[in-house]
Structures are given as structure tokens and as C-alpha cells.
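This report concerns only the one structure given below.
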Amino acid sequence: MEDLIQRATEQLIKSKHAITLTGAGISTESGIRDFRGPDGIWTKNPDAERKAYQSYARFQENPKEFWIETISSASLLGDLAKVAPNPGHSALAELEKMGILKCVVTQNIDNLHQKAGSKRVLDYHGNISLLRCFSCDTRYDRAEYDLDRLYKEDRLPPLCRKCNGVLKSDVVYFQEAIPADVAQESQEEAGKCDLMLICGTSAVVYPFAYLPRMARQRRSGKQTIIIEINADPTPLTEEGISDYLIQGKTGIILPKLVEEVKKRIP
Ligand code: APR
Ligand code: ZN
């Protein structure tokens, strides 16, 4: 492990455009369960996963009913507004502040990268603290709408102030297309990065899992360095898409990386 951390430190310092891709694994040390790990939400409750695959169709069928159910029932991930970032999130924010990390592309909806101070964050699967218009894609801060009051006054669903369209959570449901702006920017980042740090994802959900493969293919002639930090090997490890895996907890390994980088950068 130590030698891999030294290697990653060297490569990070030499990189010109390093980015990071993250998944649920980086937030487990904040108390949010992941999906497919040993204690994962889908691992423990396959019915919930099957139901999640129906969400998008059910929202489109009857947005009002969907909103009523969403507001009156607890989220599978718990109350994310109350959760704090952990040293893994903070380490990535610090690497950005040092000018080494250019961008975070995350599958997580928990807003923890932003809470940790990361500035350039692409929420690939949306952000729980935002709403998005189903018609014009305009996003709003969830706090701009008093959803509980709309619920009590039977005035759901919330409507877009620009086009009067129906608002949905910004969270991207299974079967829903990734919003064009985030998809475009993420592909650009994957195409131009020279180092990709992949943290806490099983890398089995598409189209996100294409991003490392794009990074591997794109830079003809020039090698993109792809490093995984994960509790378990993934298809990226097995298929040799990543150069190497540092196996362990992101909340422990990432702060160590920052420490090593700091030792070498005056
Ligand atoms: N440090 C490092 N790795 C961890 C840690 C940790 N502290 N905790 C868990 N892991 C690893 C797990 O072993 C697993 O390999 O992180 C990975 C998490 O994988 P998933 O649970 O599949 O989460 P993710 O890859 O983000 O899922 C992708 O699937 O359910 C959908 O929309 C949801 O965005 C999510 C997407
Ligand atoms: Zn709109």
C-alpha cells in the first residue's frame, strides 16, 4: 500500500489535468450506506432496487402523486441534509485548492463534495438539494420552494417559474437520461484529463462507467493514468482499464495522499 501511495503522489504532482470520479463508497464514512457493498442498500433490499427502477415511469405518469409519496416517506439514504463530509471529501477539496485536482465528477447525490469545499463538481446523477424543470431543465435550489406547505395546501407538484413546467428532484432516476449539460462536461473532462482518480465506486453503472474507458481510449499516444481507490476490486481493475488499485478506505487513503503531496510541494 505504501509504495502505491508514493507512486500516486508522484503521478499527481506531475499531472497537468487530474480529475476524480467518485461513488457511494466515498460517503460511507459519513454514515451513508452504499448500494452494492456488503452492507449496501440494494444488497440488503433487492425489492427496493426493483422499485427504484419504476420511479421515473411513475413520476411521468402522475407527478403529483409521486411528489406526495416522496414528501410523505423517508428517503432510502436517510436525511442527507444532516450528513457531514468526511476526511475523504476534504482531501479532494484540498487537492483542488492546491491546483492539482481540476474537477470532481460524482455519482453521489449527497452534496458532500460541495459541503467539503470542492468548487468544480459535476453531479452526474443529480443533487438532492436541487430541483430541475422537466420541460426546460432549469435548476432551482430546493430551499426556494416550500414543499411542505405545497403538500399541506394540496398544491403539488412544484412548478417552474420560467416555463410553468413540472419540477422534479434534480436526482437522476434509473432509466432517466443524464442531463445534457453534466453529460457533456463530464465527457470533456474524461477526454482531456491526464490522470483520473476513481474513488469508492463499483463502476458497474452506465453511462458513468464509460468515463474511465473514454479516458483510456481518447488520448491517442499519450497515456492517461487511471488510479482506483476502493475497498474492493472492480471491473476496471479486472479488465485492466485502471493502472492500479489502492485497496482500502477512501477516508484513510486520500488524506495520506494529501499529506505526501504536501511534503513534496514547497
Ligand atoms: N472506501 C473505499 N471504498 C468503499 C468504501 C470506503 N469507505 N465504502 C464502500 N466502498 C466501495 C464498495 O466496496 C463498492 O465497491 O465502494 C463501492 C460502492 O459501489 P456502489 O455501492 O455500487 O455505489 P456506486 O458505484 O456509487 O453506484 C452507482 O448506482 O444505485 C445507483 O444511482 C446509484 O449513483 C449510484 C450508482
Ligand atoms: Zn421550466
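Both ligands and their constituent atoms are indexed starting at 1 by order of listing. Keep in mind that the numbers below use all heavy atoms, side chains included, and drop hydrogens, waters and symmetry copies.
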Atom pairs and distances, donor-acceptor, side-chain atoms in residues 227-235, under 3.5 Å, two or more places apart:
from	atom 1	to	atom 2	distance (Å)
Glu228	OE1	Thr237	N	3.2
Glu228	OE1	Thr237	OG1	2.7
Glu228	OE1	Ser242	OG	2.8
Glu228	OE2	Thr234	OG1	2.5
Asn230	OD1	Gly200	N	3.3
Asn230	OD1	Thr201	N	3.1
Asn230	ND2	Asp232	O	2.8
Thr234	OG1	Leu236	N	3.1
Thr234	OG1	Thr237	OG1	3.4

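The shortest side-chain heavy-atom distance between Gln184 and Glu188 falls under the 4.5 Å cut-off.
Applying the salt bridge (charged side-chain N to carboxylate O under 4.0 Å, His left out) definition to pairs two or more places apart or across chains, those involving residues 93-105 are Glu94-Lys262.
Shown are the protein N/O/S atoms under 2.8 Å from the Zn ion (ligand 2), given by residue and atom: Cys133 SG, Cys136 SG, Cys160 SG, Cys163 SG.
Under 4.0 Å is where a charged nitrogen must lie from a carboxylate oxygen, and between Glu260 and Lys263 at least one such pair does. Asp123 has no carboxylate O lying under 4.0 Å from a charged side-chain N of Arg132, or vice versa, which leaves the two without a salt bridge.
Between the side chain of Thr43 and the backbone N or O of Pro38 there is no donor-acceptor pair closer than 3.5 Å. A donor-acceptor pair is defined here as one N or O able to donate and one able to accept, closer than 3.5 Å; no such pair exists between the side chain of Thr20 and the backbone of Val104. Listed for the Lys115 side chain is a donor-acceptor partner under 3.5 Å among the backbone atoms of Ala81.
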Give every pair formed by an N or O atom of ligand 1 and a protein N or O atom closer than 3.5 Å, one pair per line with both atom names and the distance to 0.1 Å, or write none.
from	atom 1	to	atom 2	distance (Å)
ligand 1	1 (N)	Thr250	N	3.0
ligand 1	1 (N)	Thr250	OG1	3.4
ligand 1	3 (N)	Asn230	OD1	3.4
ligand 1	3 (N)	Ala231	N	3.0
ligand 1	7 (N)	Gly25	O	3.3
ligand 1	7 (N)	Thr28	OG1	3.1
ligand 1	7 (N)	Glu29	OE2	2.7
ligand 1	8 (N)	Gly25	O	3.4
ligand 1	8 (N)	Thr28	OG1	2.9
ligand 1	13 (O)	Asp232	OD2	2.5
ligand 1	15 (O)	Asn230	ND2	3.0
ligand 1	16 (O)	Asn230	OD1	3.3
ligand 1	19 (O)	Ser202	N	3.2
ligand 1	21 (O)	Phe35	N	2.7
ligand 1	21 (O)	Arg36	N	2.7
ligand 1	22 (O)	Arg36	NH1	2.7
ligand 1	22 (O)	Ser202	OG	2.6
ligand 1	25 (O)	Thr201	OG1	2.6
ligand 1	25 (O)	Ser202	N	3.1
ligand 1	25 (O)	Ser202	OG	3.4
ligand 1	26 (O)	Ala24	N	2.8
ligand 1	27 (O)	Arg36	NH1	3.0
ligand 1	29 (O)	Arg36	NH1	3.1
ligand 1	29 (O)	Arg36	NH2	3.0
ligand 1	30 (O)	Arg36	NH2	3.1
ligand 1	30 (O)	Trp42	NE1	2.8
ligand 1	34 (O)	Gln107	O	3.3
ligand 1	34 (O)	His125	ND1	2.9

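Under the 6.0 Å distance and 45° angle rule, Arg213 does not count as a cation-pi partner of Tyr206.
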